[in-house]
S.K.: 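A single structure is presented below for examination.
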Amino acid sequence: MEKLRVGIIGATGMVGQRLITLLENHPYFEIRALLASGRSAGKPYREAVEGRWKMQTPLPEHVGTMPVLDAADIEGVRPLVDFVFCAVNMKKEEIRALEEAYAKAEIPVVSNNSANRWTPDVPMVIPEVNDAHLAVIEAQKKRLGTHRGFIAVKPNCSIQSYVPALTPLLRFGITEVVATTYQAISGAGKTFREWPEMIDNVIPYIGGEEEKSEQEPLRVWGSVENGAIVPAKAPLISTQCIRVPVTDGHTAAVFVRFREKPTREEILAAWRDFRGKPQTLGLPSAPAQFITYFDEPDRPQVRLDRDLYGGMGISVGRLREDTIFDYKFVGLSHNTLRGAAGGAVLIAELLTREGYLTKA
């Protein structure tokens, strides 16, 4: 297939940098535009991120020489790209306006930002879980008055450490969930060099994170009705979100109560057999096994398991019965891969195979 031309809005930030590494030699996509604020516009990309390249892999040479373009110059960007990824650090209302302006200019947007997660006709997608939500895009295009322009978003990184594991168990009637997430500093776009106060420290508060972690799963598990996503009404979810001194990888301690309590063997089989549209289609970024269960009592571990299937696999362990709830377990996902840039790339791959992303 002829590769689609991609722009990255917010290319100088951590998620933008991760997108650059993931799109290097991608079979579907090629980077044609690096977009940032007017402060960086006009500089070669290497100069724009000098001293701020946060990836462990080196900056690709051809990307380093590309000029950074002003993300606000949508008309100048339009001839260069077939769609864009958006990962900017701006106020929500500014992000919402920017993404909608790109969509109305017939440039589809795959967003890492939270600004449009609750726009009723914008799909918020974990590709293995709710690919059916892409159907709402047609209603969104009617609202925007576009032929090919639309917005699709990925959910918050924290919920991907436990929502994938809960999804195949919904058929047993989950009624209540309590989850505590232990979140890496890269979720704040930081490294230990930039955030030394996180060394040997735990901060029991991440602004806005608990609200997202309690509400976004219900939207992911919702349904498309009359051109909008209607969130599920259950289960009841309570969370705490804690920042811990880890570079990458969000861990979740999860407690679950069921209407019809399954056996431990039924839960393990549900995890083992769970496959989504990315696995069926064989998408390039899709893990062969979406959920991997570890029998060892001290797994999953961040350092050992966050990079499972290139950071796109979900790790689960320590499933056991609980004295108050029915069961408890531990989940783990890579927050800047599955939870951010990699999740966005997987959404774009799915949108491409489903015919929503095409040559302009």
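Since this is a predicted model, take the numbers as computed values, not measurements. Heavy atoms only: backbone and side chains are in, while hydrogens, waters and symmetry mates are out.
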S.K.: Any non-hydrogen side-chain atom of Val256 less than 4.5 Å from a side-chain atom of Asp326?
M.R.: no
S.K.: Does the side chain of Ile20 reach to within under 4.5 Å of the side chain of Tyr45, using non-hydrogen atoms?
M.R.: yes
S.K.: One pair to check against side-chain hydrogen bond (donor to acceptor under 3.5 Å, both in side chains): Glu209 and Asn156. What are the steps and the verdict?
M.R.: CA-CA 8 Å; Glu209 203 77 357; Asn156 195 45; 2.9 Å; yes
S.K.: Taking a hydrophobic cluster as the set of Ile, Leu, Val, Met, Phe, Trp and Tyr residues connected by side-chain heavy atoms closer than 4.5 Å, whether directly or through intermediates, do Met124 and Val224 fall within one such cluster?
M.R.: no
S.K.: Check this for me: does any side-chain nitrogen of one of Glu128 and Lys277 sit under 4.0 Å from a carboxylate oxygen of the other?
M.R.: no
S.K.: Just checking, is any N or O donor in the side chain of Glu99 or Asn116 under 3.5 Å from an acceptor N or O on the other one?
M.R.: yes
S.K.: Could you tell me how the ring of His26 sits relative to the ring of Phe29: parallel (under 30°), tilted (30 to 60°) or perpendicular (over 60°)?
M.R.: parallel
S.K.: Counting only heavy atoms not in Arg52, do more than 12 fall under 6.0 Å of its CZ?
M.R.: yes
S.K.: Salt bridge or not between Asp248 and Arg306? Use side-chain N to carboxylate O under 4.0 Å.
M.R.: no
S.K.: Salt bridge (Lys or Arg N to Asp or Glu O under 4.0 Å) with Glu260: which residues, sequence neighbours excluded?
M.R.: none
S.K.: Among Leu19, Leu69, Val63, exactly one meets side-chain contact (heavy atoms from CB on, under 4.5 Å) together with Leu34. Which residue is that?
M.R.: Val63
S.K.: Hydrophobic side-chain clustering at under 4.5 Å (ILVMFWY, transitive links): who's grouped with Phe255? Put none if nobody.
M.R.: Val178, Ile324, Phe325
S.K.: Quick one: salt bridge (Lys or Arg N to Asp or Glu O under 4.0 Å) partners of Arg219, sequence neighbours excluded?
M.R.: none
S.K.: Of all heavy-atom pairs between Ile151 and Ala103, which one has the smallest distance, and what is that distance?
M.R.: CG1-CB, 4.0 Å
S.K.: Could you name each residue pair satisfying salt bridge (Lys or Arg N to Asp or Glu O under 4.0 Å) that touches residues 220-229, not counting sequence neighbours?
M.R.: none
S.K.: Under 4.5 Å between side-chain heavy atoms, counting indirect links through other Ile/Leu/Val/Met/Phe/Trp/Tyr residues: same cluster for Tyr28 and Phe85 or not?
M.R.: yes
S.K.: In terms of side-chain heavy atoms, does Ser333 have a donor or acceptor partner in Arg338 at a distance below 3.5 Å?
M.R.: no
S.K.: Please report the shortest heavy-atom distance between Pro155 and Val125, naming the atom on each side.
M.R.: CD-O, 3.3 Å
S.K.: Mind checking what makes salt bridge (Lys or Arg N to Asp or Glu O under 4.0 Å) contact with Lys190, not counting sequence neighbours?
M.R.: none
S.K.: Any idea which heavy atoms bring Gly187 and Asn335 closest together, and the distance?
M.R.: N-ND2, 3.3 Å
S.K.: Using side-chain hydrogen bond (donor to acceptor under 3.5 Å, both in side chains) as the criterion, list what pairs up with His62, not counting sequence neighbours.
M.R.: Glu24
S.K.: Could you note down all residue pairs passing salt bridge (Lys or Arg N to Asp or Glu O under 4.0 Å) where residues 87-97 supplies at least one of them, sequence neighbours left out?
M.R.: none
S.K.: With side chains defined as the heavy atoms from C-beta onward, is the minimum distance between Ile237 and Ser213 less than 4.5 Å?
M.R.: no
S.K.: Got a sec, which residues hit salt bridge (Lys or Arg N to Asp or Glu O under 4.0 Å) with Glu61, two or more places apart in sequence or on another chain?
M.R.: Arg46
S.K.: Over all heavy atoms of both residues, which pair between Gln160 and Ile314 is shortest? Give the atoms and the distance, please.
M.R.: O-CD1, 3.4 Å
S.K.: Check step by step if side chain to side chain contact (heavy atoms under 4.5 Å, CB included) holds for Cys241 and Gln183.
M.R.: CA-CA 7 Å; Cys241 298; Gln183 300 185 202; 3.5 Å; yes
S.K.: State plainly whether one hydrophobic cluster holds both Ile95 and Ile74, where clusters connect Ile, Leu, Val, Met, Phe, Trp and Tyr through side-chain heavy atoms under 4.5 angstrom apart.
M.R.: yes
S.K.: Would you call Glu321 and Lys328 a salt bridge, using N to O less than 4.0 angstrom?
M.R.: no
S.K.: Would you please say whether a donor-acceptor pair under 3.5 Å links the side chains of Arg18 and Thr57?
M.R.: no
S.K.: Kindly compute the distance separating OH (Tyr356) from CD1 (Ile137), expressed to the nearest 0.5 Å.
M.R.: 5.5 Å
S.K.: If you count every heavy atom of other residues, nucleotides or ligands that lies below 6.0 Å from Glu50 atom CD, does the total exceed 12?
M.R.: no
S.K.: Do Val153 and Leu218 share a hydrophobic cluster, counting only Ile, Leu, Val, Met, Phe, Trp and Tyr and linking them when any side-chain heavy atoms are less than 4.5 Å apart?
M.R.: yes
S.K.: Nearest 0.5 angstrom please: His147 NE2 to Thr358 OG1, how far?
M.R.: 12.5 Å
S.K.: Just wondering, do Asp298 and Arg318 contact through their side chains at under 4.5 Å, heavy atoms?
M.R.: no
S.K.: Which donor-acceptor pairs under 3.5 Å do side chains of residues 5-14 form with protein atoms, sequence neighbours excluded?
M.R.:
| residue | atom | partner | partner atom | Å |
| --- | --- | --- | --- | --- |
| Arg5 | NE | Asp82 | OD1 | 3.4 |
| Arg5 | NE | Asp82 | OD2 | 3.3 |
| Arg5 | NH1 | Pro79 | O | 2.9 |
| Arg5 | NH2 | Asp82 | OD1 | 3.0 |

S.K.: Taking atom types as modelled, find out whether Ser315 and Thr292 have a side-chain donor-acceptor pair closer than 3.5 angstrom.
M.R.: no
S.K.: Could you grab the distance from atom CG of Leu166 to atom CZ of Phe172, nearest 0.5 Å is fine?
M.R.: 12.5 Å
S.K.: Taking the side chain as every heavy atom from C-beta outward, state whether Leu4 and Glu30 have any pair of such atoms under 4.5 Å apart.
M.R.: no
S.K.: Salt bridge check, Glu176 against Arg259: does any charged N sit closer than 4.0 Å to a carboxylate O?
M.R.: no
S.K.: Going by the side-chain contact (heavy atoms from CB on, under 4.5 Å) test, name the single residue among Val109, Leu351, Val122 that passes it with Phe150.
M.R.: Leu351
S.K.: Side chains of Gln240 and Glu210: any donor to acceptor distance under 3.5 Å?
M.R.: no
S.K.: Would Ser285 and Glu349 count as having a side-chain donor-acceptor pair, cut-off 3.5 Å?
M.R.: yes
S.K.: Distance check, rounded to the nearest 0.5 Å: Leu283 atom CG versus Met312 atom CE?
M.R.: 9.5 Å
S.K.: Are the side chains of Ser40 and Val49 in contact, using a 4.5 Å heavy-atom criterion?
M.R.: no
S.K.: I want to check something: taking the side chain as every heavy atom from C-beta on, are Thr181 and Ser161 in contact at a cut-off of under 4.5 Å?
M.R.: yes
S.K.: What salt bridge (Lys or Arg N to Asp or Glu O under 4.0 Å) pairs are there with at least one residue in residues 141-158, not counting sequence neighbours?
M.R.: Glu100-Arg143, Asp121-Arg143, Glu138-Lys141
S.K.: Looking at side-chain heavy atoms only, is the closest gap between Ser223 and Ile229 below 4.5 Å?
M.R.: no
S.K.: OG/Ser111 to CZ/Arg117 distance, rounded to the nearest 0.5 angstrom?
M.R.: 7.5 Å
S.K.: Between Arg78 and Glu106 (salt bridge meaning N to carboxylate O under 4.0 Å), is one present in this structure?
M.R.: no
S.K.: What closest approach, in Å, do Phe294 and Pro300 show between heavy atoms, and which atom pair accounts for it?
M.R.: CD1-CB, 4.3 Å
S.K.: Tyr182: which other cluster members, linking ILVMFWY side chains closer than 4.5 Å, directly or transitively?
M.R.: Val202, Ile242, Val244, Val246, Val302, Leu332
S.K.: What is the distance from atom CZ of Arg257 to atom CG of Leu236, rounded to the nearest 0.5 Å?
M.R.: 10.0 Å
S.K.: Applying the 4.5 Å side-chain criterion to the ILVMFWY set and letting contacts propagate, would Met66 and Val84 be lumped into a single cluster?
M.R.: no
S.K.: Which hydrophobic side chains are connected to Ile203, either touching it within the sub-4.5 Å cutoff or through other members that do?
M.R.: Ile185, Phe192, Trp195, Met198, Ile199
